[in-house]
Novice: 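Have a look at this one.
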Amino acid sequence: MTDQTYCDRLVQDTPFLTGQGRLSEQQVDRIILQLNRYYPQILTNKEAEKFRNPKASLRVRLCDLLSHLQRRGERHCQEFYRALYIHAQPLHGHLPSRCAVQNSDCRELDWGSESRELSDRGPMSFLAGLGLAAGLALLLYCCPPDPKVLPGTRRILAFSPIIIDRHVSRYLLAFLAEDLRGF
């Protein structure tokens with residue numbers, strides 16, 4: 001994978017994590033409680049009380065917590081990342097250390113990030129196509145059957161049910177069948 005340790009990652013991510021508005025006070029409290037109460041216990045009760053002190057600002061408490069974890073070692077940093085993933089998953093995905101790993105040349109890490117969409121054109125393309133199909137169906141339904149106006153239109157629209165969902169195609173086929181009986 002990569003030879004970057006959790007402590008190195010924490011050093012790299014500290015400015016990002018301590019940035020304004022990145023972590024809320026509730027998220028920091030949950031992370032501290034996770035590190036204090038669950039196995040393996042990373043923080044003692046006294047340390048947890050120190051880092052949850054509401055008299056100190058959130059940024060100071062978070063900086064103190066991160067530097068404390070860096071001093072304590074690799075396992076403590078790893079458990080912090082696990083707690084961060086549990087309590088702030090969207091933020092965990094945008095960490096600079098994770099972005100560096102995802103942007104590396106390692107193909108084995110990138111296979112899961114491929115797009116699973118059928119089309120990269122987006123929802124507006126879908127809505128435009130749907131609107132076009134509905135407009136053509138409405139035009140066919142509302143226009144009087146005048147063979148002089150658009151003689152090839154009925155033949156073209158006869159193939160449109162192949163593309164449109166079967167519920168809509170039933171009505172189009174029924175309309176075309178009624179129209180073709182008149183010829």
Side-chain angles (χ1 to χ4, degrees), residues 1-134 163-168:
M1 193 169 130
T2 180
D3 50 343
Q4 191 178 27
T5 65
Y6 284 101
C7 289
D8 294 338
R9 288 178 58 192
L10 194 55
V11 169
Q12 183 181 357
D13 293 335
T14 296
F16 178 79
L17 290 169
T18 57
Q20 186 67 26
R22 298 281 186 201
L23 284 170
S24 68
E25 191 154 348
Q26 290 84 13
Q27 288 173 322
V28 172
D29 285 344
R30 287 184 197 135
I31 290 170
I32 291 170
L33 288 174
Q34 167 104 19
L35 296 174
N36 175 247
R37 294 185 179 166
Y38 296 107
Y39 179 82
Q41 186 176 8
I42 301 300
L43 298 175
T44 64
N45 289 338
K46 188 176 182 180
E47 291 169 339
E49 286 175 18
K50 176 182 143 187
F51 296 129
R52 293 187 70 213
N53 182 7
K55 293 179 182 174
S57 73
L58 178 63
R59 187 165 195 258
V60 169
R61 290 187 291 144
L62 189 56
C63 287
D64 289 345
L65 172 67
L66 296 177
S67 62
H68 174 77
L69 293 172
Q70 289 170 11
R71 285 191 305 268
R72 295 285 300 266
E74 185 71 16
R75 172 96 187 237
H76 292 75
C77 294
Q78 181 179 6
E79 290 300 321
F80 169 78
Y81 277 106
R82 188 168 71 93
L84 183 68
Y85 179 78
I86 292 170
H87 299 292
Q89 191 170 6
L91 182 69
H92 185 269
H94 288 62
L95 291 171
S97 61
R98 288 190 51 83
C99 292
V101 169
Q102 289 175 351
N103 292 336
S104 68
D105 292 331
C106 297
R107 281 286 163 209
E108 60 192 324
L109 296 177
D110 285 343
W111 70 270
S113 64
E114 292 177 2
S115 176
R116 303 240 192 272
E117 296 178 16
L118 295 177
S119 173
D120 60 350
R121 294 180 186 165
M124 292 306 291
S125 175
F126 170 75
L127 291 175
L130 183 65
L132 179 68
I163 301 168
I164 301 173
D165 191 29
R166 62 185 163 131
H167 300 292
V168 176

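Since the model is a prediction, treat every value here as computed from it, not as a measurement.
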Novice: State, to 0.1 Å, how close C77 and L10 come at their nearest heavy-atom pair, and which atoms those are.
Specialist: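 Shortest heavy-atom separation between C77 and L10 comes out as SG-CD2, 3.6 Å.
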
Novice: Looking only at heavy atoms, which two atoms of H92 and Y85 are closest? And how far apart?
Specialist: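 Nearest pair, atom of H92 first, then Y85: ND1-CD1, 3.5 Å.
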
Novice: Working to the nearest 0.5 angstrom, can you tell me the gap between Q26 CD and R30 CZ?
Specialist: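 Separation between the atoms: 6.5 Å.
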
Novice: Kindly write out the residues that satisfy salt bridge (Lys or Arg N to Asp or Glu O under 4.0 Å) with R22, not counting sequence neighbours, or none if the list is empty.
Specialist: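 Per chain and number, R22 pairs via salt bridge (Lys or Arg N to Asp or Glu O under 4.0 Å) with no residue.
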
Novice: Any idea which heavy atoms bring T18 and C63 closest together, and the distance?
Specialist: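 It is CG2-SG, 3.5 Å.
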
Novice: Would you give the length of the straight line joining atom OG of S24 to atom NE2 of H87, rounded to the nearest 0.5 angstrom?
Specialist: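 Separation between the atoms: 11.5 Å.
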
Novice: How far apart are the C-alpha atoms of H68 and L43, what are their side-chain angles, what is the distance that settles it, and do they pass the side-chain contact (heavy atoms from CB on, under 4.5 Å) test?
Specialist: CA-CA 10 Å; H68 174 77; L43 298 175; 3.7 Å; yes

Novice: Working to the nearest 0.5 angstrom, can you tell me the gap between I31 CD1 and F51 CZ?
Specialist: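 It is 13.0 Å, given to the nearest 0.5 Å.
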
Novice: A side-chain contact here means heavy atoms from C-beta on lying under 4.5 Å apart; do T14 and Q70 qualify?
Specialist: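 T14 vs Q70: side chains touch.
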
Novice: Report the distance from atom CG of N36 to atom CD1 of I42, rounding to the nearest 0.5 Å.
Specialist: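 Nearest 0.5 Å value for the CG-CD1 distance: 10.5 Å.
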
Novice: For a side-chain contact (heavy atoms from CB on, under 4.5 Å) check, start with the C-alpha distance between F80 and L17, then their side-chain angles and the critical distance, and finish with the verdict.
Specialist: CA-CA 12 Å; F80 169 78; L17 290 169; 3.8 Å; yes

Novice: Look at E79 together with R82 and state whether they make a salt bridge at an N to O cut-off of under 4.0 Å.
Specialist: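 Yes, E79 and R82 are salt-bridged.
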
Novice: If you take all heavy atoms of A88 and Q27, which pair is closest and at what distance?
Specialist: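 What the structure gives for the nearest pair is CB-NE2, 3.7 Å.
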
Novice: Please tell me if the side chains of L33 and R52 come closer than 4.5 Å, counting only heavy atoms from C-beta onward.
Specialist: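 Yes, side chains in contact.
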
Novice: CZ/R71 to CG/L66 distance, rounded to the nearest 0.5 angstrom?
Specialist: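 R71 atom CZ to L66 atom CG measures 11.0 Å (nearest 0.5 Å).
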
Novice: Heavy atoms only: give me the nearest S97-R9 pair and the separation to one decimal.
Specialist: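 Between these two residues, the closest heavy atoms are OG-NE, 3.3 Å.
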
Novice: Considering all heavy atoms of both residues, which atom of R61 and which atom of N53 are nearest to each other, and what is their separation?
Specialist: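 Nearest heavy atoms, R61 then N53: CD-O, 3.0 Å.
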
